[in-house]
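Below: the structure, in structure tokens.
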Amino acid sequence: MDQQKLSPAMQSTITLLLIVHLFALGVGVLANARPVSPLRNQLGDVPGIRPYLQLLNLDLAYNFHLTDGTELDIDHSLVIDGVSRAAESATGSAESAESSPEVTTIRLPELGLEPLARRKRYHQLALTMMPDEFSDPSVRTTLLTTVGDALLRQTDQTPGNYPVRIERQTTVVRENAASPNPEESDPYASQRFETAVEGTLLLGESSTNYLAKESKEERALVQPQAEVLVQPQAEEQAGQQ
Amino acid sequence: MLAAGRRYLLDLFEAVGTGWNQFWFKPMETQHLAVLRIVVGLVAIYLHATLFPDLERLFAHGGLLPSETVKSLVPSASLSYYHLFQSATGLWVVHGFGLLVLILFCVGFLTRVTSILSLIVVLATCHRAPMLMTQVEPVLCFAIAYLCLGPCGRVLSIDSWRRKRISDDECESAVRPQRLISATISTRLLQIHTCLVCMMMGITMLSGPNATWWYGEAIWFLMARPESQLIDMTWLHEATYILNAWSHEVVLFSILFPILVWPRILRPAFLAWAIVHWAGLAIISGIAPFCLLMMGLLLAFAEPYGKSFRSASIAR
């Protein structure tokens, strides 16, 4: 192709490849743009198209709306509470630090994490765990459990129950941006941080389970393990009493 | 009547065929692809380098995104060599090698090879952790893929510098063709894909459930996220008309650009508008690499515009 003129055969071949590629591109956009019609959904099943698109990371609709002012368009973080960290003592003694661990919170991403690209990646990760009408609940639960388990083990936490939530930082209402009341105008005021999803991570010796706080339907998504079966029965007995 | 219809169809096919050949196979100059290579390379290097601090935390043994879990959640995630490396040392080595490849691609060393390797590096990163990907990675993938097809290392590169050094006959470079069909194919694909992205952005903005872009409040929602802004522009909170106008401008640009950038007479105006548009979004949206990349893709429309416009004017 590094020349000024092509033979007709070469030109025809390239034309065919271009048509196939452009068709695949169109299929990728039409099949992924939500809401989707049955016809457009079927286009995605044309043999060979999906693997080609997925290989080159073209299997998406490019529906980057940037924001629509919805709850999913703000920054999300994963937060785990009740995490122990060794507190620094005045003497710097290791023994005194171990005997007075500080109970704190793990936040992912940490506020102000730099550079911005890192922060955006973790925001995206937390957003992936948020329920929305198109995502698979079991995928979200698996991801949340896996990430939570890793965070707890990376910080050497002991087996136990750890409250976990996905938190979003709501935006200041434009009319309140100049308000003298910091609760209204400060983007980092406590009321700006809203819990979107809440649950408990059950950290075991070798495995971790996630117990959603809300409904029985969400609990049904949790894979039953020996440690988990004990807890709901105990809660039901406590409720009956 | 039948003959007229047949004649029309024949004329139509001939016009489409001629137009297609003119659009895809008329040789084009290569300078704009070289500049685009540098811009794309810099964005890729930045994104790749910013993954270093989180490499072990994310991908190593006991990481947040273990290999088996990611592959089970996303089947296409298995298309990544990162799954072969789960030790900290292995990850650092393979990631460092990927960074080296991107740097060599950016500076234009063995561009034909490093462009393909760069595509593999970027795709491997995307496939390893699809749940970390934002808007910039999909655009980066197709930009590098199309640059692989074209002679993006022909000028402004180490390859061109080496070629000049080893060439004994200085006239040889004048004899080598400066306009190439591969440059045309690469450029056209970049143009079409860029227009597609803009158009889909515009359509999605207009069809949002809250109609925020219609109400003109979307720009405020973008700039009011303190963890996502480059520069704090919330001092504009009282400038309702400015915020409304900016919101409407974003949508207008997204809808009009894919259509009106094609007529040559309008192109310089739209390219100038596009630069201002993406620069403004970069400041408030927190996706500066994406905006920079979209700005860089405007080079696909720059082509040899200056020469052809002047020649067209002289011809008239």
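Please read these numbers as outputs of a predicted model, since none were measured by experiment. Residue numbers start from 1 in every chain, and the chains themselves are labelled A, B, ... in the order their sequence lines are given, proteins ahead of strands.
The contact between A:Q54 and chain B is made by backbone and side chain atoms together, counting heavy-atom distances below 4.5 Å. A:T170 does not touch chain B: none of its heavy atoms, backbone or side chain, sits under 4.5 Å away. Contact of A:L108 with chain B is made through the side chain alone, with heavy-atom distances under 4.5 Å. Proximity to chain A is absent for every atom of B:Y215, based on heavy atoms less than 4.5 angstrom apart. Of the two parts of A:L66, the backbone and the side chain both hold a non-hydrogen atom closer than 4.5 Å to a non-hydrogen atom of chain B. With a 4.5 angstrom heavy-atom cutoff, A:V139 touches chain B via backbone and side-chain atoms both. For A:L151, the parts lying near chain B are the backbone and the side chain together; criterion is any non-hydrogen pair under 4.5 Å. For a residue to count as touching a neighbouring chain, one of its non-hydrogen atoms must lie under 4.5 Å from one of that chain's; by this rule A:A178 touches chain B with backbone and side chain alike. For chain B, the nearby parts of A:L55 are the backbone and the side chain; heavy atoms of each come within less than 4.5 Å. Interface remark: A:D149 contributes no atoms to any contact with chain B (heavy atom separation under 4.5 Å). Both the backbone and the side chain of B:L47 come within contact range of chain A, with heavy atoms under 4.5 Å apart. With a 4.5 angstrom heavy-atom cutoff, A:T171 touches chain B via backbone and side-chain atoms both.
When the candidates A:L111, A:D75, A:L58, A:L125 are compared by the number of heavy-atom contacts under 4.5 Å with chain B, A:D75 comes out ahead. For the set A:Q124, A:R174, A:R121, the entry with the most heavy-atom pairs within less than 4.5 Å of chain B is A:R174. Of all the listed residues (B:S76, B:S254, B:A218, B:P138), the one sharing the greatest number of non-hydrogen pairs under 4.5 Å with chain A is B:P138. Ranking A:E175, A:Q169, A:R153, A:H123 against chain B, the residue ahead of the rest is A:Q169, based on heavy-atom pairs under 4.5 Å.
A salt bridge is defined here as a Lys NZ or Arg NE, NH1 or NH2 lying under 4.0 Å from an Asp or Glu carboxylate O, and A:D81 with A:R165 meets this definition. Salt-bridge formation is not detected for the pair A:R192/A:D186: no Lys NZ or Arg NE/NH1/NH2 atom is positioned less than 4.0 Å from an Asp or Glu carboxylate oxygen.
In this pair, A:F64 and A:Y62 present their aromatic rings perpendicular. The plane angle is above 60°, beyond the 30 to 60° band. Between A:H21 and B:H193, the ring planes are tilted. Angles from 30° to 60° get that label.
Of all heavy-atom pairs spanning A:L201 and A:T145, the tightest one is CD2-CA, 4.2 Å.
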